[in-house]
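First listed ligand is number 1; within each ligand, the first listed atom is number 1. The shown structure was predicted, so the numbers you read here are calculated from the model rather than taken from an experiment.
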Amino acid sequence: MRVLITGAAGFIGAALADALLARGDSVIGIDNCNDYYDPALKFDRIARVRENGGDFTFHQLDFADMAAVEAALGGAEFDSIVHLGAQAGVRYSLENPAAYVQSNLVGHANMLEVARHRGVAHMVYASSSSVYGGNEKLPFSVDDRADHPVSLYAATKRADEMLSESYAHLYRIPLTGLRFFTVYGPWGRPDMAMWIFTRKILAGEPIPVFNKGEMWRDFTYIDDIIAGVVAALDNPPADDGKVKAGGSSKPHALYNIGNHRSEKLTRLIELIGEACGREVAIDWQPMQKGDVTRTYADIEAIQRDLGYAPTTSIDVGVPRFVEWYREYTGA
Ligand SMILES: NC(=O)c1ccc[n+]([C@@H]2O[C@H](COP(=O)([O-])OP(=O)(O)OC[C@H]3O[C@@H](n4cnc5c(N)ncnc54)[C@H](O)[C@@H]3O)[C@@H](O)[C@H]2O)c1
């Protein structure tokens, strides 16, 4: 299969490129390698993908710029798209909303247009657990309403699902939206709690913990996520009028992709402290605007339709992340 991956220099995109190349697929990657976090890590990921071998081409471009997309992809052939590129991060959406509108709204609409005009067999795209906002019914199910986002980031991801639904209806493009739940692991993101906590603990600095530690997250290890993305890619929803996960009767499915375990943040901190072999000092902070206290994925739909079965608990995954972090950063 020939697959176009957007956000290929990102945490999940680069890991997906590795997995697809390893099974013999051809991969075209695009990413603008922006400086939301250190672009050196993005270039290192691309170098790693290249070193692993296989049929990989990479274009550094902004997918919110349709002319640039068309110029780069003009002569390229691909069967499917996995659209992972986005302006990620909940808190930064309060600081720089324009980045979210450009990448997540204009960019998503552009990728739907590419899917439409190139007649691709399937486009899988990234959504987020944040679409559930402050829902109190747990675990979060794809059948629950998700109409009350508490951040602009969440609103753009929910809007992407709506734009996709209209394209599945109008142009019958098979589309699968994946609501990721806090992904972590080697080659992860420096803006996320696991990286920040590890960096500060190793530097002997207190770590900021919000809402007095009364926070829970469904942490999902990168290898489990990639297994789920690949299973989704290989199983496009049929245009058969039957109701799909998430409620669409068009060829559009929505899945949660989490670990189905909601872990208290203080447990995560203990594990990082143990893996670092350091005492942990905590700087208690109030709840942050835009944040949610709890995420917890109901993964019944993805288990049933795609055989997804996460296997990595944080007890196993956190030490793996810390080991990689120390090797990569030399800390
Ligand atoms: N990691 C998580 O816990 C998590 C949770 C929920 C949802 N997601 C979603 O999953 C996807 C992948 O996340 P990630 O953790 O790999 O994030 P990431 O930031 O590491 O990767 C996203 C990549 O997209 C690129 N990008 C952003 N805007 C672009 C544009 N306009 N043109 C071209 N490239 C652009 C960035 O440079 C980056 O490399 C994102 O859509 C994110 O919103 C991630």
Side-chain angles (χ1 to χ4, degrees), residues 4-18 28-46 49 58-66 68-69 72-73 81-93 96 98-111 114 124-132 140 151-161 164 177-195 217-222 224-226 228-229 232 255-259 292 295 297 317 321:
L4 172 68
I5 301 179
T6 75
F11 173 32
I12 303 174
L16 179 68
D18 277 342
I28 303 168
I30 64 178
D31 199 301
N32 63 356
C33 299
N34 65 49
D35 64 359
Y36 164 61
Y37 60 79
D38 190 352
L41 175 59
K42 299 181 181 182
F43 292 119
D44 285 349
R45 293 193 189 111
I46 291 295
V49 174
F58 180 69
H59 302 278
Q60 188 172 346
L61 62 85
D62 181 350
F63 52 64
D65 175 352
M66 197 53 160
V69 173
L73 299 181
I81 301 174
V82 184
H83 177 40
L84 297 171
Q87 178 56 58
V90 168
R91 289 168 197 160
Y92 185 62
S93 66
N96 187 0
Y100 291 76
V101 171
Q102 271 307 107
S103 288
N104 301 5
L105 298 181
V106 178
H108 189 81
N110 282 353
M111 294 317 300
V114 171
V124 177
Y125 65 92
S127 185
S128 163
S129 61
S130 64
V131 300
Y132 293 107
F140 298 153
S151 68
L152 180 76
Y153 169 68
T156 62
K157 287 293 182 181
R158 184 69 177 129
D160 290 344
E161 296 178 350
S164 301
L178 299 175
R179 294 175 175 171
F180 294 119
F181 282 68
T182 318
V183 188
Y184 75 100
W187 296 92
R189 274 180 26 209
D191 61 319
M192 292 184 71
M194 198 157 316
W195 181 299
R217 287 289 179 275
D218 198 323
F219 291 102
T220 322
Y221 192 66
I222 184 70
D224 288 325
I225 287 286
I226 296 304
V229 177
Y255 294 108
N256 287 335
I257 174 162
N259 198 37
V292 298
T295 68
F321 168 73

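Each of the following atoms of ligand 1 lies closer than 4.0 Å to a heavy atom of Ser103: 28 (N), 29 (C), 30 (C), 31 (N). For ligand 1 and Ala9, the ligand atoms under 4.0 Å from any heavy atom of the residue are 39 (O). Proximity to Val183 (heavy-atom distance under 4.0 Å) selects the following atoms of ligand 1: 1 (N), 2 (C), 3 (O). Ligand-side atoms of ligand 1 in range of Cys33: 37 (O), range being under 4.0 angstrom from any heavy atom. Which parts of ligand 1 touch Ala126 is read off a 4.0 Å heavy-atom cut-off, strictly below it: atoms 9 (C), 10 (O), 11 (C), 41 (O). Against a heavy-atom cut-off of under 4.0 Å, Tyr153 is close to the following atoms of ligand 1: 6 (C), 7 (C), 8 (N), 9 (C), 42 (C), 43 (O). For ligand 1, the atoms lying closer than 4.0 Å to a non-hydrogen atom of Gly7 are 23 (C), 24 (O).
Ser129 places no side-chain N or O within donor-acceptor distance of the main-chain N or O of Phe181, the cut-off being under 3.5 Å. A donor-acceptor contact shorter than 3.5 Å is absent between the side chain of Asp218 and the backbone of Thr295.
Both tests do not hold together for Arg179 against Phe140: distance to the six-membered ring centre under 6.0 Å, angle to the ring axis within 45°.
Of the N or O atoms in Ile30, none lie within a sub-3.5 Å distance of an N or O in ligand 1. Annotation: Ser128 places no N or O atom under 3.5 Å from an N or O atom of ligand 1; distance criterion only. In terms of polar-atom proximity, defined here as any N/O pair under 3.5 Å, Ile12 does make such a contact with ligand 1. Residue Asn32 has at least one nitrogen or oxygen atom sitting less than 3.5 Å from a nitrogen or oxygen atom of ligand 1, judged on distance alone. The N/O atoms of Asp62, backbone and side chain alike, include one that comes under 3.5 Å of an N/O atom in ligand 1. Of the polar atoms of Phe63, at least one N or O is found under 3.5 Å from an N or O of ligand 1, judged by distance alone.
The nearest protein atom to atom 17 (O) of ligand 1, hydrogens excluded, is given as Arg189 CD, 3.3 Å; this is a heavy-atom distance. Among all protein heavy atoms, the one lying closest to atom 21 (O) of ligand 1 is Gly10 CA, 3.3 Å.
The ring pair (Phe, Tyr, Trp, His ring centres under 6.0 Å) test applied to Tyr36 returns Tyr92, not counting sequence neighbours. For Ser164, the side-chain contact (heavy atoms from CB on, under 4.5 Å) test picks out His108, Leu112, Tyr125, Leu175, His252, with sequence neighbours left out.
For atom 25 (C) of ligand 1, the choice among Asp31, Ile225, Val106 with the nearest heavy atom turns out to be Asp31. Here atom 27 (C) of ligand 1 lies nearest to Ala86 when heavy atoms of Gly85, Ala86, Gly188 are compared. Which of Leu84, Asp35, Asn110 comes nearest to atom 11 (C) of ligand 1 through a heavy atom is settled by distance: it is Leu84.
Taking the six-membered ring where tryptophan is involved, the planes of Tyr153 and Tyr100 are perpendicular, since the angle between them exceeds 60° and thus also 30°.
Within the structure, the closest approach of Pro39 to ligand 1 does not fall below 4.0 Å when heavy atoms are considered.
Counting heavy atoms under 4.0 Å from ligand 1, residue Lys157 touches it through the side chain alone. Using a 4.0 Å cut-off between heavy atoms, Tyr37 contacts ligand 1 through its side chain alone, with no backbone atom that close. Contact annotation: for Ala8 versus ligand 1, there are no heavy atoms closer than 4.0 Å. Here Ser130 has no heavy atoms under 4.0 Å from ligand 1, in either its backbone or its side chain. Proximity of Thr182 to ligand 1, defined as any heavy-atom pair under 4.0 Å, is confined to the backbone N, CA, C and O atoms. Looking at Leu61 against ligand 1, only its backbone comes within 4.0 Å, counting heavy atoms. Counting heavy atoms under 4.0 Å from ligand 1, residue Arg179 does not touch it at all.
The line from NE2 of His59 to CD1 of Ile30 is 8.0 Å long, rounded to the nearest 0.5 Å.
Val101 places none of its side-chain heavy atoms less than 4.5 Å from the side chain of Gln87. Between Phe180 and Lys157, the closest side-chain pair of non-hydrogen atoms is not below 4.5 Å. Residues Phe11 and Val183 are in side-chain contact: their nearest non-hydrogen atoms beyond the backbone lie under 4.5 Å apart. Residues Phe63 and Asn110 fail the side-chain proximity criterion, which asks for heavy atoms closer than 4.5 Å. Ser127 places none of its side-chain heavy atoms less than 4.5 Å from the side chain of Asp160.
Across all their heavy atoms, Ile226 and Ile12 have their closest contact at CD1-O, 3.7 Å.
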Test log, rule side-chain contact (heavy atoms from CB on, under 4.5 Å), inputs Trp195 and Tyr184
CA-CA 9 Å; Trp195 181 299; Tyr184 75 100; over 6 Å; no
